[in-house]
Amino acid sequence: MAAINGYPALAELHGRDLLSSADLNSEQTLALLQLAADLKAGRQRVDLGGKTLGLIFSKASTRTRVSFTVAMARLGGQTLDLNPQVTQVGRGEPVADTARVLSRYVDALAIRTFAQEELADYAHWASIPVINALTDLEHPCQALADFLTLQEAFGEISGLTLAYVGDGNNVAHSLMLCGALLGVNVRIGCPVGFEPDGTVLEQSRTLAAAHGSSVEVVHEPVAAVRGAHALYTDVWASMGQEEEKAERERAFAGWCLNEELLAEADPRAIVLHCLPAYRGLEISAGAMEGSASRIFDQAENRLHAQQALLAALLSG
Ligand code: CP
Ligand code: NVA
């Protein structure tokens with residue numbers, strides 16, 4: 001299988017893991033977005049015939065599971081469902097054993113789990129690329145699709161401002177890191193007590209400083225969205241936080257991404273949400289279905305961004 005010509009920055013990604021958005025540098029991130037756009041437009045073809053991606057998902061998923069499966073199919077490869085319920089993982093077979101055995105059968109693993117440390121453990125023991133398909137800490141595949149969607153709306157995105165209003169969670173963390181690499185200013189608006197992780201904040205600020213952008217945290221919704229080019233939100237209670245749902249709904253009162261907040265943004269602003277969404281909680285039905293919404297393009301772009309990622313990690 002030949003390397004993908006025309007994307008020199010991607011050559012270094014062959015055989016690598018993607019555990020965090022910060023595992024990529026800015027050139028690699030931009031090259032992945034370019035390849036994703038080229039694959040989407042039919043300007044590029046990649047053949048991963050004979051390659052198999054294993055999916056280990058300890059949490060529910062519609063978009064990530066289906067987009068990885070279809071991405072591999074479109075590239076001529078295949079996927080295998082290795083959910084803990086159907087493998088010995090559910091019976092407690094150690095990661096060290098599972099990862100080494102699976103490395104003898106499949107060509108890459110996409111893993112959705114709780115602790116980032118478990119993902120890192122898989123990556124340590126596996127001799128094949130391991131992809132973060134969402135952990136409690138990060139969602140790097142989502143961020144690639146998100147910035148592809150922003151590029152489609154604005155062309156050049158360096159210097160733009162993306163405002164994320166809501167919980168300082170996994171999705172917010174990857175947006176901060178990936179945005180910083182791309183020179184996009186990222187403003188996180190959240191109630192006190194729901195800020196992003198301090199280490200990720202520091203890391204993203206260091207990356208932003210190197211790329212002429214900023215990462216801010218504010219505690220007032222209008223201050224967060226004023227003049228922004230993209231308004232983004234996610235659920236207030238992530239998977240694993242179901243018991244905190246009622247308490248979080250109280251804490252996030254007044255933080256709904258709605259038409260009033262949208263009116264404070266740049267007139268060209270787009271609305272994004274990683275989905276699944278709760279209309280009437282973190283986002284209004286009007287903001288979700290209105291003309292500024294790019295939410296379903298964003299969901300589609302998971303497919304194109306992950307095709308690019310799989311091509312970079314597996315071809316060549
Ligand atoms: N956005 C996202 O990751 O969706 P799923 O949980 O359906 O995969
Ligand atoms: N923050 C959400 C994202 C779901 C795609 C969660 O972790 O449940």
Side-chain angles (χ1 to χ4, degrees), residues 18-21 36 53-72 79 81-84 109-119 131-150 162 164-178 186 188-191 194-197 200 230 232-245 247-249 251-252 255-257 271-279 281-283 288 293-307 309-310:
L18 180 71
L19 309 185
S20 161
S21 291
L53 172 71
L55 302 177
I56 304 180
F57 278 42
S58 302
K59 291 175 175 175
S61 170
T62 298
R63 280 143 289 269
T64 311
R65 172 190 301 285
V66 176
S67 57
F68 266 120
T69 306
V70 175
M72 277 307 273
T79 34
D81 239 329
L82 302 169
N83 279 350
L109 287 170
I111 300 178
R112 169 168 288 200
T113 191
F114 294 86
Q116 183 78 11
E117 293 71 25
E118 186 188 331
L119 182 77
I131 300 168
N132 183 347
L134 180 148
T135 61
D136 290 347
L137 190 69
E138 276 206 54
H139 199 0
C141 296
Q142 179 70 52
L144 288 173
D146 300 341
F147 287 105
L148 178 61
T149 312
L150 192 64
L162 178 145
Y164 172 98
V165 290
D167 186 28
N169 63 14
N170 44 9
V171 168
H173 291 156
S174 286
L175 284 171
M176 289 156 59
L177 293 166
C178 193
V186 179
I188 305 291
C190 60
F194 295 92
E195 293 83 6
D197 175 81
V200 176
Y232 196 124
T233 192
D234 181 18
V235 292
W236 294 333
S238 285
M239 289 180 277
Q241 298 174 328
E242 289 78 7
E243 284 175 8
E244 298 170 31
K245 197 165 180 285
E247 181 196 321
R248 282 171 170 265
E249 281 177 23
F252 281 91
W255 283 91
C256 178
L257 199 177
V271 171
L272 299 173
H273 190 309
C274 57
L275 301 177
Y278 290 100
R279 288 171 175 78
L281 291 181
E282 80 275 3
I283 190 163
M288 217 174 141
S293 173
R294 296 290 179 280
I295 290 172
F296 294 96
D297 293 333
Q298 179 188 7
E300 177 187 332
N301 283 337
R302 297 294 306 277
L303 174 61
H304 307 296
Q306 284 156 208
Q307 278 194 63
L309 176 67
L310 291 164

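Positions are given from 1 along the sequence. For ligands, and for the atoms within them, numbers begin at 1 and follow the listed sequence.
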### Query
About how many Å separate CD of Gln142 and CG of Asp234, when rounded to the nearest 0.5 Å?
8.0 Å
### Query
Is a side-chain donor-acceptor pair under 3.5 Å present for Thr149 with Asn301?
yes
### Query
Can an N or O of Ser238 be found at a distance shorter than 3.5 Å from an N or O of ligand 2?
yes
### Message
With rounding to the nearest 0.5 angstrom, report the NE2 to CD distance, His273 to Glu282.
### Response
3.5 Å
### Expected output: side-chain Gln298 to main-chain Phe147 donor-acceptor under 3.5 Å
no
### Task
Report, in ascending order of atom number, the atoms of ligand 2 lying under 4.0 Å from any heavy atom of Leu275.
5 (C)
#### Entry: Protein heavy atom at shortest distance from atom 7 (O) of ligand 2
Asn170 ND2, 2.8 Å
## Note on the structure
Hits for side-chain hydrogen bond (donor to acceptor under 3.5 Å, both in side chains) against Arg112, two or more places apart or cross-chain, chain-then-number order -> Thr64
### Summary
Output for pair (Phe68 CZ, Arg302 CZ), nearest 0.5 Å, gives 7.0 Å
### Task
For Glu243, look at atom CD and say whether over 12 heavy atoms of other residues, nucleotides or ligands are found less than 6.0 Å away.
no
### Message
Please list the nearest protein heavy atom to atom 3 (C) of ligand 2 with its residue and the distance rounded to 0.1 Å.
### Response
Asp234 OD2, 3.6 Å
### Query
When you look at CZ of Phe296, are more than 12 heavy atoms from neighbouring residues, nucleotides or ligands closer to it than 6.0 Å?
yes
### Nearest-contact summary for atom 8 (O) of ligand 2 - protein heavy atom, Å
Met239 N, 2.8 Å
## Note on the structure
Residue set satisfying salt bridge (Lys or Arg N to Asp or Glu O under 4.0 Å) with Asp167, at least two apart, ordered chain then number -> Arg248
Write none if no such pair exists; otherwise list each N/O atom of ligand 1 with its protein N/O partner under 3.5 Å and the distance.
| from | atom 1 | to | atom 2 | distance (Å) |
| --- | --- | --- | --- | --- |
| ligand 1 | 1 (N) | Gln142 | OE1 | 2.9 |
| ligand 1 | 1 (N) | Cys274 | O | 2.9 |
| ligand 1 | 1 (N) | Leu275 | O | 2.9 |
| ligand 1 | 1 (N) | Arg302 | NH1 | 3.4 |
| ligand 1 | 3 (O) | Thr64 | OG1 | 2.9 |
| ligand 1 | 3 (O) | Arg112 | NH2 | 3.0 |
| ligand 1 | 3 (O) | His139 | NE2 | 2.8 |
| ligand 1 | 3 (O) | Arg302 | NH1 | 3.1 |
| ligand 1 | 4 (O) | Arg63 | NE | 2.8 |
| ligand 1 | 4 (O) | Leu275 | O | 3.4 |
| ligand 1 | 6 (O) | Arg112 | NH1 | 2.8 |
| ligand 1 | 7 (O) | Thr62 | N | 2.7 |
| ligand 1 | 7 (O) | Arg63 | N | 2.9 |
| ligand 1 | 7 (O) | Arg63 | NE | 3.1 |
| ligand 1 | 7 (O) | Arg63 | NH2 | 3.0 |
| ligand 1 | 8 (O) | Ser61 | OG | 2.6 |
| ligand 1 | 8 (O) | Arg63 | N | 3.4 |
| ligand 1 | 8 (O) | Thr64 | N | 2.8 |
| ligand 1 | 8 (O) | Thr64 | OG1 | 2.7 |
| ligand 1 | 8 (O) | Arg112 | NH2 | 3.2 |

### Query
Should Thr64 be listed as contacting ligand 2, given a heavy-atom distance under 4.0 Å as the test?
no
### Query
Does Leu134 approach ligand 2 within less than 4.0 angstrom via side chain, backbone, both or neither, non-hydrogen atoms only?
side chain
### Message
Suppose the criterion is salt bridge (Lys or Arg N to Asp or Glu O under 4.0 Å): which pairs have a residue in residues 132-143, not counting sequence neighbours?
### Response
Lys59-Asp136
### Query
What part of Asp167, side chain, backbone, both or neither, has a heavy atom within less than 4.0 angstrom of ligand 2?
neither
